[in-house]
Amino acid sequence: MMCVLILAAAAGAVAAFLILRIWVVLRSRDFTPRESLSILVVAGSGGHTTEILRLLGSLSNAYSPRHYVIADADEMSANKINSFELDRADRDPNNMYTKYYIHRIPRSREVRQSWPSTVFTTLHSMWLSFPLIHQVKPDLVLCNGPGTCVPICVSALLLGILGIKKVIIVYVESVCRVETLSLSGKILFHLSDYFIVQWPALKEKYPKSVYLGRIV
Amino acid sequence: MKCVFVTVGTTSFDDLIACVSAPDSLQKIESLGYNRLILQIGRGTVVPEPFSTESFTLDVYRYKDSLKEDIGKADLVISHAGAGSCLEALEKGKPLVVVINEKLMNNHQLELAKQLHKEGHLFYCTCSTLPGLLQSMDLSTLKCYPPGQPEKFSAFLDKVVGLQK
């Protein structure tokens, strides 16, 4: 009996500590001025990639190096990223910061996959995401909703919880979402540092989000 | 040479390809003054046979690295509701018909198409209502689409991450 109580108390303490840690990590705003920062971009597939590249197109070369995560076998996204980076390098031949890397991880959800099996594939991607995030240790994670971004952002948060590095997580909800958040959005609304929506109806429903107008 | 470009994006949309390549649809498209139809069919299993006659050409392909060129030369774009294709067509100032895929899980794509339709930038329909819409729509009623402002995003981000100019 005593044993169970002690175990329960210990579990409770660990849970409380974790929650406190998550709260601290999410609340901490790192305002140290800097000249450049490494960025990890989660490019999903198809439309998600197009959208995120539009956002990246507006960012200066201070966001360097750029790491891209794509679903493996998503050659279309890989091609789009390569031509985006080539174009960028062309426009600025003297540019010192043209470094970019493409990383591949399995998709966490195929378009028609059922929800229960999604849980398992997501856990599996989590298992693969953390080593990647740990290796890259980006200053900033930018994503816009493909399933892959949940394990990536959770891994980024975990770096903070473990005290390894505070990673800034920026989530931009896809322009497709006019009135409701995507599933990734609903989860990452609570886990991101800045959550950006592109339509006024969403800003009304989620007052803590950031609304800058249509940005893609 | 007036051209219709149909795009289904990365995945597939067999119903749309089947509907638009049916003989009566082809006839309708030709009767509206178009003489070329290009189908981007993704990984679909409906693969219409390309043909070329004196008055009409049908081209079919699965993917290209960029759809820019085909969107650019089209006089009408018929697209799935994916944001990428829709925005690309609208930004090029192309008349756009979005066809909703009713078989997709949580059909959230409807939201964007509905909103942009409400703002008068495009027409939208389902596969079954596409032939009727092609017949009745008046492309001159579409409003031009103002570009998005990614520079607002970069300004915001520079500020919150503490980037020094």
Side-chain angles (χ1 to χ4, degrees), chain A residues 29-37 39 45-51 53-60 62-63 74-77 79-80 82-83 109-115 139-140 142 168 170 172 174-183 193-194 196 198-199 201 210 212-216, chain B residues 7-13 40 42-43 62-68 79-88 90-91 98 101 103-119 121 145-165:
Chain A
R29 291 276 199 262
D30 184 5
F31 276 118
T32 36
R34 50 182 131 205
E35 279 169 3
S36 75
L37 70 170
I39 180 169
S45 55
H48 284 299
T49 307
T50 310
E51 268 195 59
L53 289 179
R54 278 160 183 274
L55 295 177
L56 274 183
S58 73
L59 296 184
S60 69
Y63 295 83
D74 181 9
E75 290 317 313
M76 207 153 171
S77 290
N79 291 342
K80 277 185 193 169
N82 286 325
S83 68
R109 215 190 109 231
E110 288 290 340
V111 169
R112 284 188 189 79
Q113 195 181 334
S114 72
W115 293 119
D139 295 311
L140 174 73
L142 174 65
I168 306 169
V170 177
V172 180
S174 164
V175 73
C176 305
R177 294 299 181 155
V178 180
E179 280 162 17
T180 59
L181 294 184
S182 62
L183 181 65
D193 295 285
Y194 301 98
I196 302 176
Q198 304 197 53
W199 293 99
V210 177
L212 306 163
R214 190 160 45 74
I215 53 177
V216 301
Chain B
T7 173
V8 305
T10 326
T11 55
S12 65
F13 192 174
Q40 182 264 316
R43 57 166 122 113
R62 290 198 179 272
Y63 298 108
K64 274 185 193 172
D65 283 350
S66 169
L67 302 180
K68 259 193 193 118
S79 168
H80 73 125
S85 320
C86 290
L87 297 178
E88 216 167 323
L90 289 177
E91 276 162 10
V98 168
N101 190 349
K103 287 180 185 160
L104 276 188
M105 184 156 63
N106 300 337
N107 204 346
H108 71 261
Q109 297 194 335
L110 264 171
E111 284 185 18
L112 181 68
K114 268 189 179 159
Q115 181 67 29
L116 294 173
H117 175 253
K118 209 159 73 187
E119 296 180 3
H121 302 304
Y145 176 81
Q149 297 172 295
E151 64 279 5
K152 285 194 174 161
F153 169 71
S154 57
F156 171 81
L157 207 56
D158 287 354
K159 201 178 81 195
V160 298
V161 301
L163 204 59
Q164 291 203 316
K165 297 268 159 168

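Order of the sequence lines fixes the chain letters, A, B, ..., with proteins taken first and strands second; residue numbering starts at 1 for each chain. The structure displayed is predicted, hence computed values, not measured ones.
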Quick one: pull up CZ in A:R214 and NZ in B:K152 and give me the separation to the nearest 0.5 Å.
10.5 Å
Taking salt bridge (Lys or Arg N to Asp or Glu O under 4.0 Å) as the test, write out the residues that go with B:E119, two or more places apart.
none
Do the non-hydrogen side-chain atoms of A:V210 and B:F153 ever get within less than 4.5 Å of each other?
no
In short, A:V178 meets B:Q115 closest at the heavy-atom pair CG1-OE1, 3.5 Å
Scanning both residues in full, the closest heavy-atom pair of B:E151 with A:S58 reads N-CB, 4.1 Å
Could you tell me whether the side chain of A:R54 and the main chain of B:P150 form a donor-acceptor pair under 3.5 Å?
no
Does any backbone or side-chain atom of A:V175 lie under 4.5 Å from a heavy atom of chain B? Answer side chain, backbone, both or neither.
both
Would you say B:K68 has more than 12 foreign heavy atoms packed within less than 6.0 Å of its NZ?
no
From the list A:L55, A:L56, A:L59, side chain to side chain contact (heavy atoms under 4.5 Å, CB included) with B:S154 holds only for A:L59
Rounded to the nearest 0.5 Å, what's the gap from CE on A:M76 to CG on B:L67? Could you check?
5.5 Å
Answer yes or no: is there a side-chain heavy-atom contact under 4.5 Å between B:L157 and A:L140?
yes
Does any backbone or side-chain atom of B:P146 lie under 4.5 Å from a heavy atom of chain A? Answer side chain, backbone, both or neither.
both
Using heavy-atom distances under 4.5 Å, tell me whether A:S60 contacts chain B through its side chain, its backbone, both, or neither.
side chain
Test ring-ring contact (aromatic ring centres under 6.0 Å, His included) applied to B:F156 - qualifying residues, sequence neighbours left out:
A:Y194
Selection from A:N79, A:I215, A:D193, A:L142 maximising heavy-atom pairs under 4.5 Å formed with chain B:
A:I215
